[in-house]
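Here is the structure we will look at.
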Amino acid sequence: MKIDSIQNGVVLDHITAGMALRVYKDLGLDKFDCSIAVLQNVKSNKMGKKDILKIDKSYDINLDVLGYIDPNITVSIIRDGQTVEKKKLALPQKLINIKKCKNPRCITSVETDIPHIFKLTDEENRVYRCIYCEADK
């Protein structure tokens, strides 16, 4: 299989095997009018298997969404066929309008103009809590 290099865009590498389609959906890549390569179960010396996304378009990627899904993802920015920047991710301390609170009594369920904000309360177990009602996410 041959996947050409991209000239200007973003490469998401070291995605946990099987998670590429979730990343694709959560970033809204289905709405893009450009070439996107989804590589799944690629052999990796470091991870065994991994997924890769190659997006043939430059855009500002939401690093909080990526960090929430998989903090091990590496983001490479490509310009003129060369990697100009590499970003390592971490679990975000806050999630703003990435997920919705499931508590029906939460104020965000009633007031639609209030942002959905979750704070990281347990990094080891990846637990986020709503700042309004303290419900787990």
*In chain order, what residues pass the side-chain hydrogen bond (donor to acceptor under 3.5 Å, both in side chains) check against D136, with sequence neighbours excluded?*
R129
_Pairs involving residues 40-93, ordered by first then second residue, that meet ring-ring contact (aromatic ring centres under 6.0 Å, His included) (sequence neighbours left out)_ = F32-Y59, Y68-Y128
Enumerate, atom names and distances included, each donor-acceptor pair closer than 3.5 Å involving a side-chain atom of residues 19-27, sequence neighbours excluded.
unit_1	atom_1	unit_2	atom_2	d
R22	NE	D26	OD2	3.3

_Is there a continuous path of hydrophobic side-chain contacts, each under 4.5 Å between heavy atoms, that joins V10 to L53?_
yes
*Step by step, work out the side-chain contact (heavy atoms from CB on, under 4.5 Å) result for S109 and C101.*
CA-CA 7 Å; S109 298; C101 185; 5.6 Å; no
*Members besides M47 in its Ile/Leu/Val/Met/Phe/Trp/Tyr cluster (side-chain heavy atoms under 4.5 Å)*: none
*Apart from I96 itself, what residues make up its hydrophobic cluster when side-chain heavy atoms of I, L, V, M, F, W and Y under 4.5 Å apart count as a link, directly or indirectly?*
I107, I114, I117, I131, Y132
*Mind listing the closest non-hydrogen atom pair of D56 and I6 along with its distance?*
OD1-CB, 3.6 Å
*Single-linkage hydrophobic cluster V42~L12, side-chain heavy atoms < 4.5 angstrom*: no
*Can you run down the ring-ring contact (aromatic ring centres under 6.0 Å, His included) pairs that involve residues 72-101, sequence neighbours left out, and say none if there aren't any?*
none
_Residue pairs, two or more places apart or on separate chains, that pass ring-ring contact (aromatic ring centres under 6.0 Å, His included) and touch residues 82-123_ = none
*Listed by chain and number, what are the side-chain hydrogen bond (donor to acceptor under 3.5 Å, both in side chains) partners of T121, not counting sequence neighbours?*
none
*For residues 74-106, pull every pair meeting ring-ring contact (aromatic ring centres under 6.0 Å, His included), keeping only residues two or more places apart or in separate chains.*
none
_Do D13 and K50 make a side-chain contact, defined as non-hydrogen atoms from C-beta onward lying under 4.5 Å apart?_
yes
*With sequence neighbours left out, write down each residue that passes side-chain hydrogen bond (donor to acceptor under 3.5 Å, both in side chains) with S58, or none if nothing qualifies.*
none
*Looking at N41 and A17, what are the two nearest heavy atoms and their distance?*
OD1-CB, 3.7 Å
*asked:* Using the side-chain hydrogen bond (donor to acceptor under 3.5 Å, both in side chains) criterion, which residues pair with D30? Sequence neighbours excluded.
replied: none
*For residues L91 and G67, report the shortest heavy-atom separation together with the two atoms involved.*
CD2-O, 3.5 Å
*Of the non-hydrogen atoms in L63 and K87, which two are nearest, and what is the gap between them?*
CD1-CD, 3.9 Å
*Which residues share a salt bridge (charged side-chain N to carboxylate O under 4.0 Å, His left out) with E123, sequence neighbours left out*: none
